[in-house]
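Step one of this worksheet: look at the structure below.
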Amino acid sequence: MSDTLLANLNPEQLAAVTLPDQPALILAGAGSGKTRVLTTRIAWLIQTGRVSPQGVLAVTFTNKAAKEMLTRLSAMLPINVRGMWLGTFHGLCNRFLRLHHRDAGLPQTFQILDTQDQQSAIKRLMKANGVDDEKYPPKQVGWFINNCKESGLRPGDVEVNDEFNRKYVQLYQLYQDQCEREGVVDFAELLLRTYEVLLKNIPLRTHYQHRFSHILIDEFQDTNTLQYAWLRLLAGQGEYMSDIDRTRAAESKRIAVANIFAVGDDDQSIYAFRGANVGNMDSLVRDFQVRNLIKLEQNYRSHGHILNSANALIKNNAKRLGKELWTDAGVGEQVRVFEAPSDLAEAQFVLEEVGGLTRDGWPRSQCAILYRSNAQSRAFEQGLMRHGIPYRVYGGLRFFERAEIKHALAYLRLMENPHDDTAFARVVNLPTRGIGARSVEQLQDMARERGTSLYGAVAFLAGKAGTSIGAFVKLIDGMRFATQGLPLHEIVEHIIDASGLLAMYRADKEGEERIENLEELVNAARNFNAEEGYALDAPATQAEAENELPSPLAAFLSHASLEAGDNQAQAGEDAVQLMTVHAAKGLEFDAVFLTGLEEGLFPHENSLKEDGGIEEERRLMYVAITRARKRLYISFCASRMMHGQTRYGLKSRFFDELPEEALRWLTPKISGMGTGFSAGMRDAWQRGGGKPFGDADYGGGAVPAFAKPQTSHGWRLGQGVRHPKFGEGVIVNLEGAGNDARAQINFGEAGMKWLALSVARLERV
DNA sequence: TCTAAGTCAAATAAT
DNA sequence: TTGACTTAGA
C-alpha cells in the first residue's frame, strides 16, 4: 500500500514526504508538485502509524486549497478525513472558538464580520461618535485595526506617539467594545482571539500541543506575524518560554514540541501588501532549528523557454533563498511578444490568437488572459462578448457578497442574535418601511445613551419613529417565532418572503436575477451540511465530548462569512479564463496571455513608492510566467484608456530582464525604453480615423481615433523623445503655449518629469 | 423620505 | 470610464 503512495515521486519529493519527525522547510518552486508532497506526507504519516488523523493539524490559506487536499487525501486513505483538523487558518479558528467559546468569552452564536460588514460597522461607529471621516477615512481605520490585530496588538498595546495616532487607537478601542457588545468578530479577531486563549489558558494549550504532534502548513511564505506566532504556540515553541524551559519541558514531556512541516516558495510571495511576511521563512529555520531544508526544483509544468524566462527574471531579485527551476520537457516554443498600438488592439490580438488556438484544438479553458489590475478586463470582455466567445472572469462579486444575499443573511443573523447592530442597521429600512436616516440616528443615540444594542434601544423610543421601528422589531420577533424548529432551508425561505425582500425585488423590473440568487440561497441552505467540519471521530476535549455544536443556522452563517463562494459561474461551458495575476497563483494553463506589460501598470506605479515594491512586482511577474505550460504571450500597449483618459506608456522594464533567445517578437522589436511605435504606425495613429473596435487592424494601420489637437510648438502626445540626461521617454501631457509650453514626459526608470519645451534639449525619436 | 443629479477617486485580495 | 457616495429638491 505504501508502495503505491510513494510511487512516481522524484528523489527530492520522496525525501520530503518521508522525512523523519523533525522540523522541516520545503522550498517548493512553481509547478514542482507542492500540493502532492503535502498531501502525500499526511497520508504517509497516517498510513505508517506515525500519527493518528487526530494528531494532524494542516493549515492552508484558501478554502479551495483545503478542499483540494481533503479530496486528494480521501482518495489516498481509507479513513474519514472530515474530522481532521485540516482547513484554513480562519476556518480552524472558527471551529476552535465555537468549541471553546466560554474560554474565549464569546457567545456561542457569535457572528463573523466580513470586510464589508467591518467597514459598515466602523462607519456606523464613527458617525455615532461624531468623528470626522475626512480626517480619519473609515478605510484607513479598518486597515489600522486589522494591522494591529495581525501584529497581536490590542488597543492598550499600541504605542501612541501623536494625536493622530491617539485617535486611531481610540477608534480601535471603540470598535472593539462595539464588537464585544454585539457579539461579533472580524477575520483578524478569529485568529487573535484563538491565539490569546491558547496563550492564557494553559490546560487548553497543553492539550492541543499534545494532540497535534504534526503541523503542516501550505504557502508558508504568505503567513503574517500573528499566524506565525499562532503556529509557534501550537507547536510548543511559544515565545513565552525561554530556551531552557523549552528543553526542560520537552524532556519531561510536559510540553510536546510538534513536528512542523512548512511548504513555501519565497519567489511566489506576492501578498506582502496585506501583511504577509516572507521573513517568517528565515524565522522558522531559526526558531525551530530546521536542519531539513529541501528544495523542489524540478518543474513539471512549463516548457524550457518559458521556464528560462522566469528564472532569468527572478534572478534580478536580491533577497532570495535561492532556487532554480529546471525541466526535462525540452525548450518548447519561444515566448511571443506583441506590441499593440492601443488596449483595444491588444484585446483584438488576443481574441484572434485565442480563435486560432481553438481552431487548432486547444480547449478554451486552457487559455488564460492575465492582467495586473481588474480594470483591464473590460476591453477583453467586450471583445469576447462581441465575438460570442464564451469566457469566465474571476474576481469581483462573489455569491455571498451580493447585496441581496447580504440582506437576507442580515435577517438570518437577527434570528440568531438580535443585538447584531450591523445586521440590524442593514435591513431596518429594507425594503423601505418609512424608517429613514433620521429615525435610525435617533435610535443610535438612544442605544448609546442606554448602553444597549439598536434592537435593545427600541423599547425606549417614543413618538412616530418609535412606532415604525417597533413594527420592525415585531416583524423580527415574529419571524424568529415562526421559524423555530424548521429545517434550515425552510427558515431561509420563510425570511426571504416574510421580510418583504422577495416582494421588493418582484416589483423591481431588474430584480429577476436577484430573485434567482435568493432562490439559490435557499438551495445552498438545503445542501448545507451543518455538521461538516465539526464531526469528530473521537472527541478529544471536554467541549468536543459535550458535543456542544452551533445550531445549523449559526454554522450556515459562519460558512457564508468564511467562504464567500464562487463568483459568476458560467460553469460547464468551455470558456476562456480571465483573471488578475494574483488570482492565477496556484493555477496553470496550456496558453497564457500576459497583458498590459507597461511601466506604471506592471510594475504598478504605486509599487515604486513602496519598500521592496519592485521586487514584489517582479515576483508577481514570475508567478504570471510560470502559469504557462506550452505557450506564453506577453503584450503591451503604446496607448491605453485609463480612468476615462488615454494614457501613453512605455514597455515594462521587465522585458529587459528576459533572455533574448527565449523571446520571439511578433511586432518589430524596439530598443531602449521607446514606445517602439514605428514612424509609419505613429503617423497612421496620428491621422486617427480609427474604425470602431471589432474591425480594428492591430497590425499597424487603422487604430482607434484619439483626439489630437494640433499644437504650435510641434510636439504632440505620444511623441517619443530623447533627453541628454534622462534618456528616452514619451510625452504624456502638454500644457501652455509659446515659451511657457511644458511637457510631461515619462522617462520610465528615470521617472515622470515636467520639462519646459523652450529649455529642454529634446530630440525626436 | 426618496430620487436624481453631481462629485470624487481610481491596485493586487483570502478569510 | 465606472462606481461609491453626497447633496439638492420633490
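Computed from a prediction, not measured in an experiment: that's the story for all the values here. Naming: A, B, ... by sequence-line order, numbering from 1 per chain.
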Check whether any side-chain N or O of [X] sits under 3.5 Å from a backbone N or O of [Y] as a donor-acceptor pair, and report yes or no.
X         : Y         : result
His559(A) : Ala555(A) : no
Gln108(A) : His101(A) : no
Gln382(A) : Ala379(A) : no
Arg372(A) : Leu601(A) : no

Does [X] put a side-chain nitrogen or oxygen below 4.0 Å from OP1 or OP2 of [N]?
X         : N       : result
Asn429(A) : dT1(B)  : no
Arg274(A) : dA14(B) : no
Thr646(A) : dT1(C)  : no
Asn374(A) : dT12(B) : yes
Thr580(A) : dA13(B) : yes
Ser607(A) : dT12(B) : no
Lys585(A) : dT12(B) : no
Arg398(A) : dA13(B) : no

Margin query: By nearest heavy atom, map Leu562(A) and His582(A) onto DNA chain B; which one lands nearer the 5' end?
Written below: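 Between the two, 5'-proximity favours His582(A).
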Note to self: So, under a plain 3.5 Å distance rule, would you say the side chain of Thr115(A) forms a donor-acceptor pair with the base of dT15(B)?
What the structure shows: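 Result: at least one qualifying N/O pair found.
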Check: If you take atom types as modelled and just measure distance, does the side chain of Glu563(A) reach the base of dA14(B) with a donor-acceptor pair under 3.5 Å?
Finding: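 In this structure, the two groups form no donor-acceptor pair.
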Given atom [atom1] of [X] and atom [atom2] of [N], what is their separation to the nearest angstrom?
X         : N       : atom1 : atom2 : value
Trp143(A) : dT15(B) : CH2   : C1'   : 19 Å
Leu370(A) : dT12(B) : CG    : C1'   : 13 Å
Glu441(A) : dT1(B)  : CD    : C1'   : 14 Å

Check: For the side chain of Arg378(A), counting heavy atoms from C-beta on, which of dA14(B), dT1(C), dA11(B) is nearest?
Finding: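 Between dA14(B), dT1(C), dA11(B), the one nearest the side chain of Arg378(A) would be dT1(C).
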Notebook entry, point to check: Ring-on-base stacking between His90(A) and dA14(B), under 5.5 Å between centres and under 30° between planes: is it there?
Noted result: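 Whether judged by distance or by angle, His90(A) falls short somewhere, so it does not stack on the base of dA14(B).
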Checklist line | Near-parallel close stack of Tyr271(A) and dT12(B) base (under 5.5 Å, under 30°) | finding: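 No.
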Notebook entry, point to check: Given the side-chain rings of Phe636(A) and Phe655(A), with only the six-membered ring counted for Trp, is the space between their centroids under 6.0 Å?
Noted result: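 For Phe636(A) and Phe655(A), the ring centres are under 6.0 Å apart.
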Item checked: Matching residue for Phe187(A) among Leu192(A), Asn146(A), Asp114(A) - test: side chain to side chain contact (heavy atoms under 4.5 Å, CB included) ->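 The option that passes is Asp114(A).
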Margin query: Using a 4.0 Å cut-off on heavy atoms, which residues in residues 218-227 of chain A reach DNA chain B? List them by number, or say none.
Written below: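 Of all residues in residues 218-227 of chain A, none places a heavy atom under 4.0 Å from DNA chain B.
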Next item on the list: State, to 0.1 Å, how close Ser269(A) and Arg619(A) come at their nearest heavy-atom pair, and which atoms those are.
Entry: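 Between these two residues, the closest heavy atoms are O-NE, 2.6 Å.
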